[in-house]
Visitor: 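Could you have a look at this structure, given as structure tokens, before my questions?
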Amino acid sequence: MSTAALELTGLKKSFGKAEIIRGIDLSIGKAERHAIIGPNGAGKSTLFNLITARFPPSAGTVKLHGEDLAGLEPYQINRKGLSRSFQITNIFPKMTVFENVRCALLWSQGYKYSFWNLVNRSRALTEGAEAILEQINLLERRDLPAGTLSYAEQRALEIGITIAGGADVIMLDEPTAGMSHSETDYITDLIMKVTEGKTLIMVEHDMGVVFGLADRISVLVYGEIIATGKPEDVRADPKVQEAYLGAALEAEH
Amino acid sequence: MNDQLKTDPSKPAQRMRAGSMTLTLGPWIVAAIALLVMPYIFTSNSALTIMNQMWITVVFALAYNMLLGQGGMLSFGHAVYMGLGGFFCMHLMNYIEDFGLAFPLPLLPLFGGLFGMGFAMIIGSFSTSGAGTRFAMISLGVGELIAACSVIIVAFFGGEEGISGDRTYGLPFFGVEFLKQIEVYYLISFWLMLSAVLMYLFSRTPVGRMANAVRDNPERAQFLGYSARWVRFYSFCASGFFCGIAGGLFAISYEILTEENLNATSSGVILLVTFLGGVGFFFGPIIGAIAFTLLQTVLSLQTELWAIYVGGLFLATVMFFPGGLAGLMMMHVPALRLGKAGGLVMPYIKTLIPGAIGVLGVCALIEMTFHFRHAAKGDHEMTLFWTTFDSHTVMPWLIAGIVAAVGLGVARATAPAMKEAWDEANTAGGAS
Ligand SMILES: Nc1ncnc2c1ncn2[C@@H]1O[C@H](COP(=O)(O)OP(=O)(O)OP(=O)(O)O)[C@@H](O)[C@H]1O
Ligand SMILES: [Mg+2]
């Protein structure tokens, strides 16, 4: 078996006395679309934060393509090809929509900390950013400050920034939260399209999206994964039914 | 629009880029011509001195804004970088004189810049890990430290007298020996143009763009592959470089540097200048530096109390126009685009002219109070706004008081109408 894109072993996190993540082992293969579901406060976002080094774990390891990420800073992890979005929109509100996306392209296009290149002289940057804007349907908002966009548009921009750098492991934290039905459908298609051939790890409450997108699902409850598997297996799992899915599926109807 | 892009992706982008080129080149050409012809309009020596001071302040303020406006770093000790660059240039100047080095004077500011940058690299290596209070406090601490050193390390800072020299010993530069004020003016103007263009271009480079991103949201920048700390560090060094250039220009222009050039007061002034001009736009600090230098030099000839008025202006800016003078100007762009700016002229006249008269009335009261309290005993006569009167009689006080009250009262009464006109001018559609 080839090395997993992402492998978590014995991952734990406590805030003070509260143990939020209580030992997670999970292996996500290359080009797999993996959804993480679970009730509010289960620790899904915290798990994301541990993987991307926003918080240091209390115990356990995170491996990206077999490489241990311990001690790396978020920007170093990003350079290794792991990119994430945030549950609470995290963009550059005072910069234009176009600038937001262009900044997300800079590192991957090899500009680093260059002060001898002019960004607007680079066709690759301008066209790359415009291609992303077209994908996320924000071309018409190109020159507006990102902070003035509607909520759904900001969510789309958040995804655009996340995928812009061409990372091969993409983590999305509730990408469709707060969106209308048609917006959700649109974003789902978009995610499907842009993560083609990539590894996707996604936290999502919308079961329609989850079952439509995911190859495998993990159910996180109180800091532990109680089930991992194919969508139909997870759906049928009585433990999951009891802990979460029953209520969640009912809420859908 | 989408379809158009799909069929021919290169064209719209090209058009946009071409448009932005013509847009950005214009102001630079105007500025260069203005710099060239200014000495022919304002020919007196004192005008030249004021302009020299102005352009040096512009370089310094632009450099400072690389941190404050573009990088979101509030420095309270930035005079240090300009001062050190200046001191270093003074020493170089003295070496040139003492050892007869063949060194063309116009190159001197470059070395000031390198020295400023070197020092910024040392301080930046530990101060740029954050942009908040920690950064501000370190800048303040370093500022105090260097100011204190200036009386201790006499060999470099020259103690209380500072370091002075003579700029005319450099290698003649195409026959120019910089004996004349006008020659110095053009040297400063050259460096101003060069520095301003370079600083502008810096803001358009990848690291310059990321400086904005880190200012807005350092955490997100980290998740895009950039270390917020390194981005800040590069801005900090670049800022130190241009501050050092300003210092070198100061050394050339004044031929003396003292502790005053790097103390907290000077650091405070540049913060004030930059904020007054507006941190949000590249040209903000330029306006700030021009306005401040004019106030400082022209107003200080008229009244001892000029600093009070500048302080008042600064306060008013912070409270009512946080975008500074540049922000105030740019606020009008939407109305101009809508073609409705004309509708603002009358309301402005109705409110701002009475307001200005009222403020002058208040100033008169301040001046009279100052004269009343501090003039030599028996000296009751004072001159204000080209009128001479006795500050110990009731009449002038009454007049000033009434002018102030009526002026401000009218401004206040007409303000709602101005506000209405403003809103109307900024909404699309309707009768124009
Ligand atoms: N920085 C922190 N300090 C202390 N407690 C925290 C911190 N971050 C999260 N928690 C706690 O950890 C628990 C899990 O939070 P988390 O945001 O990971 O949940 P979640 O599964 O993403 O929930 P939701 O579906 O609401 O987004 C919550 O009880 C939260 O209060
Ligand atoms: Mg969450």
Side-chain angles (χ1 to χ4, degrees), chain A residues 52-54 73-86 89-95 98-100 102-123 125-127 129-131 133-134 137 139-140 142-143 146-147 158 161-162 164-165 167, chain B residues 1-6 8-21 23-24 66 69-70 72 129 198-235 237-238 241 279-280:
Chain A
T52 56
R54 200 185 194 194
E73 297 282 330
Y75 62 90
Q76 294 168 314
I77 294 175
N78 179 273
R79 291 175 197 170
K80 293 189 182 298
L82 186 152
S83 181
R84 70 166 292 185
S85 74
F86 292 80
T89 305
N90 204 347
I91 53 176
F92 305 105
K94 279 187 251 161
M95 301 186 345
F98 175 75
E99 285 265 17
N100 267 266
R102 189 167 62 183
C103 280
L105 280 170
L106 286 173
W107 191 274
S108 65
Q109 291 207 3
Y111 284 101
K112 304 197 169 164
Y113 300 103
S114 137
F115 47 85
W116 51 89
N117 286 298
L118 293 176
V119 284
N120 44 4
R121 283 296 173 84
S122 162
R123 294 193 88 179
L125 271 179
T126 307
E127 280 163 16
E130 275 167 357
L133 286 181
E134 196 177 353
N137 243 1
L139 210 48
E140 265 146 51
R142 191 185 188 278
D143 296 316
E158 172 89 40
I161 295 174
T162 307
Chain B
M1 172 156 192
N2 278 4
D3 292 341
Q4 195 188 345
L5 245 167
K6 250 178 234 151
D8 191 356
S10 63
K11 268 196 180 157
Q14 266 173 345
R15 225 182 299 132
M16 252 173 267
R17 244 171 297 155
S20 73
M21 276 308 280
L23 254 182
T24 50
M66 291 178 93
Q70 292 170 39
S129 60
L198 286 178
M199 283 188 261
Y200 179 76
L201 290 181
F202 181 85
S203 74
R204 293 286 172 272
T205 62
V207 72
R209 295 327 296 156
M210 285 315 292
N212 279 347
V214 166
R215 171 199 69 197
D216 271 17
N217 189 345
E219 180 174 56
R220 194 44 157 135
Q222 304 249 33
F223 288 95
L224 298 178
Y226 279 88
S227 155
R229 180 192 188 137
W230 280 104
V231 170
R232 288 195 200 101
F233 177 77
Y234 285 115
S235 299
C237 295
F241 178 72
V279 298

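Below, chains carry the letters A, B, ... as their sequence lines are ordered, and counting in each starts from 1.
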Visitor: Are any of the side-chain heavy atoms of B/Thr205 and A/Val119 separated by less than 4.5 Å?
Guide: no
Visitor: Taking all heavy atoms of B/Pro206 and all of A/Lys112, pick out the closest pair and write down the distance.
Guide: CB-O, 4.2 Å
Visitor: Does some side-chain heavy atom of A/Trp107 sit less than 4.5 Å from a side-chain heavy atom of B/Met210?
Guide: no
Visitor: Side chains of A/Arg54 and B/Glu219: does their closest heavy-atom pair fall under 4.5 Å?
Guide: yes
Visitor: How would you list, by chain and number, every residue that makes a ring-ring contact (aromatic ring centres under 6.0 Å, His included) with A/Tyr75, sequence neighbours excluded?
Guide: none
Visitor: Is B/Phe202 in contact with chain A via its backbone, its side chain, both, or neither, using a 4.5 Å heavy-atom distance?
Guide: side chain
Visitor: Out of curiosity, B/Arg220 CZ to A/Glu158 CD, how far, rounded to the nearest 0.5 Å?
Guide: 4.5 Å
Visitor: First locate atom CG of B/Asn217, then atom OG1 of A/Thr89, and finally report the distance between them rounded to the nearest 0.5 Å.
Guide: 11.0 Å
Visitor: Heavy-atom distance under 4.5 Å to chain B: side chain of A/Ile91, backbone, both or neither?
Guide: backbone
Visitor: Aromatic rings B/Trp230 and A/Tyr113: how do their planes relate, parallel, tilted or perpendicular, breaks at 30° and 60°?
Guide: tilted
Visitor: So which pairs with a foot in residues 200-212 of chain B pass salt bridge (Lys or Arg N to Asp or Glu O under 4.0 Å), sequence neighbours left out?
Guide: A/Glu99-B/Arg209
Visitor: Please say whether the positively charged group of A/Arg84, taken as NZ for Lys or CZ for Arg, lies over the ring of B/Phe223, i.e. under 6.0 angstrom from the six-membered ring centre and within 45 degrees of the axis.
Guide: yes
Visitor: At a 4.5 Å cut-off on heavy atoms, which part of A/Lys80 comes close to chain B: side chain, backbone, both, or neither?
Guide: neither
Visitor: Heavy-atom pairs under 4.5 Å with chain B are the metric here; pick the option from A/Ser114, A/Gly165, A/Pro74, A/Ser108 that has the most.
Guide: A/Ser114
Visitor: What is the distance from atom OG of A/Ser83 to atom CG of B/Leu224, rounded to the nearest 0.5 Å?
Guide: 7.0 Å
Visitor: Parallel under 30°, tilted from 30 to 60°, perpendicular over 60°: which one fits the rings of A/Phe115 and B/Tyr234?
Guide: tilted
